[in-house]
Amino acid sequence: NGARAPGSCIPDDEKGYKLDLFCVPKHYEEDLDQVIIPHGLIMDRTERLARDIVRDMGGHHIVALCVLKGGYTFFADLLDYIKALNQNSDKSVPLTVDFIRLKSYCNDQSTNIVKVIGGDELSTLTGKNVLIVEDIVETGRTMETLLSLLSECNPKMVKVVSLLVKRTPRSSGYRPDYIGFEVPDLFLVGYALDYNEYFRDLSHICILNENAKEKYKV
């Protein structure tokens, strides 16, 4: 696959920002330690990722495949930036979208079972240039499972963009083609990253505290 694009690396000792510097929903104030990636920084990085993707994949029809549920916010924002590039530059790229759901979670431990929902429709991607849009890559096994399923459908090209890649000893070593931020091995929520469906309504990416893990446990 050639060289992988580096992400902006957030060090393990990153202190982040105090919650009271930003607008955080009142109902989550007791649940978070700090803001680690403010919303504005996410948007600026996403704009650059869009530019890199259009540079590399431009000139071909792209099928953008959103991994639900977490990826939907990043997906929408990334596509907005790609659309802006299409409208304001000499080179534009036709874009269609599709959605897939992967289930590999239970509480704060990634389980090893990966269920693909909507996988029967992958056959429509034969011969296409596919951009998989994910919110976070942790062990990498979920994405490796999806990529092996996709390869059976013989797409022309597959690239993966993930907003976050977690540095974790559990990693399989898999790295996406485009990375927004490389983050420490902490439990992160916000900007559509959830914990048992909570925190999708938080704009910034924040560190979940231990009390909240217990409070929102299923």
Side-chain angles (χ1 to χ4, degrees), residues 5-53 66-82 84 102 104-110 133-140 142-143 160-171 175-176 178-218:
S8 173
C9 187
I10 296 173
D12 287 340
D13 58 359
E14 172 65 51
K15 296 290 181 280
Y17 305 88
K18 290 182 178 174
L19 296 182
D20 59 10
L21 292 174
F22 299 96
C23 295
V24 170
K26 199 106 188 111
H27 52 274
Y28 292 144
E29 282 178 353
E30 303 298 310
D31 305 322
L32 307 167
D33 279 341
Q34 64 248 13
V35 174
I36 194 165
I37 313 175
H39 184 254
L41 184 55
I42 297 169
M43 299 304 282
D44 288 347
R45 182 74 186 118
T46 302
E47 183 177 21
R48 178 55 198 251
L49 289 170
R51 196 174 94 182
D52 292 347
I53 288 162
C66 176
V67 180
L68 296 171
K69 290 182 183 176
Y72 77 89
T73 305
F74 175 50
F75 184 77
D77 289 335
L78 181 69
L79 259 57
D80 280 346
Y81 283 122
I82 291 175
L102 305 175
S104 67
Y105 255 99
C106 184
N107 290 328
D108 64 344
Q109 296 299 311
S110 273
V133 183
E134 175 66 288
D135 56 350
I136 186 166
V137 170
E138 298 196 43
T139 65
T142 304
M143 190 53 68
V160 178
V161 56
S162 183
L163 177 64
L164 306 176
V165 170
K166 194 176 272 194
R167 280 190 304 281
T168 168
R170 301 185 306 281
S171 170
R175 304 272 295 174
Y178 308 96
I179 298 168
F181 301 91
E182 192 179 284
V183 293
D185 194 8
L186 299 166
F187 205 90
L188 304 175
V189 292
Y191 189 70
L193 293 174
D194 74 301
Y195 177 57
N196 292 330
E197 300 301 328
Y198 292 94
F199 303 99
R200 294 192 195 275
D201 53 343
L202 173 65
S203 296
H204 315 289
I205 294 176
C206 301
I207 299 170
L208 192 70
N209 66 29
E210 289 303 317
N211 294 342
K213 281 189 190 177
E214 203 52 45
K215 179 175 163 185
Y216 297 102
K217 202 170 186 176
V218 169

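The main-chain N or O of Ile179 is found under 3.5 Å from a side-chain atom of Arg45 such that the two form a donor-acceptor pair. Remark: side-chain polar atoms of Lys166 are paired, donor with acceptor, to backbone N or O of Leu186 under 3.5 angstrom. Using a distance-only test at 3.5 Å, with no hydrogens or angles considered, a donor-acceptor pair links the side chain of His204 to the main chain of His39. Between the side chain of Tyr195 and the backbone N or O of Lys213, at least one donor-acceptor pair lies under 3.5 Å.
Scored by the side chain to side chain contact (heavy atoms under 4.5 Å, CB included) test, Lys18 finds Asp20, Leu21 as partners (sequence neighbours excluded). In this structure, the side-chain hydrogen bond (donor to acceptor under 3.5 Å, both in side chains) partners of Asp201, at least two apart in sequence or on a different chain, are His27, Tyr28. Applying the side chain to side chain contact (heavy atoms under 4.5 Å, CB included) rule to Asp194 yields the partners Glu197, Arg200; only residues at least two apart in sequence or on another chain are considered. Residues that satisfy the salt bridge (Lys or Arg N to Asp or Glu O under 4.0 Å) test with Asp44, not counting sequence neighbours, are absent from this structure. With sequence neighbours excluded, the residues satisfying side chain to side chain contact (heavy atoms under 4.5 Å, CB included) with Gln34 are Ile207. Applying the side-chain hydrogen bond (donor to acceptor under 3.5 Å, both in side chains) test to Lys26 and every residue at least two apart in sequence or in another chain returns Glu29.
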For a side chain to side chain contact (heavy atoms under 4.5 Å, CB included) check, start with the C-alpha distance between Phe74 and Thr46, then their side-chain angles and the critical distance, and finish with the verdict. CA-CA 8 Å; Phe74 175 50; Thr46 302; 3.6 Å; yes

Stepwise, does the side chain to side chain contact (heavy atoms under 4.5 Å, CB included) test hold for Ser171 with Thr139? CA-CA 4 Å; Ser171 170; Thr139 65; 5.8 Å; no

Please lay out, stage by stage, how Phe181 and Ile205 fare under the test side chain to side chain contact (heavy atoms under 4.5 Å, CB included). CA-CA 11 Å; Phe181 301 91; Ile205 294 176; 5.9 Å; no

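Counting only heavy atoms from C-beta outward, the side chains of Ser203 and Ile42 never approach each other to under 4.5 Å. Taking 4.5 Å as the limit, every side-chain heavy atom of Val67 sits out of range of all side-chain heavy atoms of Asp135. A heavy-atom distance below 4.5 Å is found between the side chains of Leu164 and Ile37.
Arg167 CZ: more than 12 foreign heavy atoms inside a 6.0 Å radius. Environment of OH in Tyr17: sparse, with no more than 12 heavy atoms of neighbouring residues, nucleotides or ligands closer than 6.0 Å.
Summarising the geometry, atom CZ belonging to Arg48 is positioned 11.5 Å from atom CD1 belonging to Ile53; distances are rounded to the nearest 0.5 Å. To the nearest 0.5 Å, the span separating CE on Met43 from CG on Asp80 amounts to 7.5 Å. Between atom CG of residue Asn211 and atom CD of residue Glu30 there is a gap of 9.0 Å, rounded to the nearest 0.5 Å. Going from atom OH of Tyr191 over to atom CG of Asp77 covers 3.5 Å, rounded to the nearest 0.5 Å. For the atom pair CD1 (Ile10) and CG (Leu41), the distance works out to 7.0 Å, reported to the nearest 0.5 Å.
With ring centers used as reference points, Tyr216 lies under 6.0 Å from Tyr198.
Of all heavy-atom pairs spanning Pro11 and Pro184, the tightest one is O-CG, 3.4 Å. Smallest separation of non-hydrogen atoms from Leu208 and Asp33: O-OD2, 4.1 Å.
Of the residues listed (Val183, Ile136, Val137), the one engaging Val165 in a side chain to side chain contact (heavy atoms under 4.5 Å, CB included) is Val137, and it is the only one.
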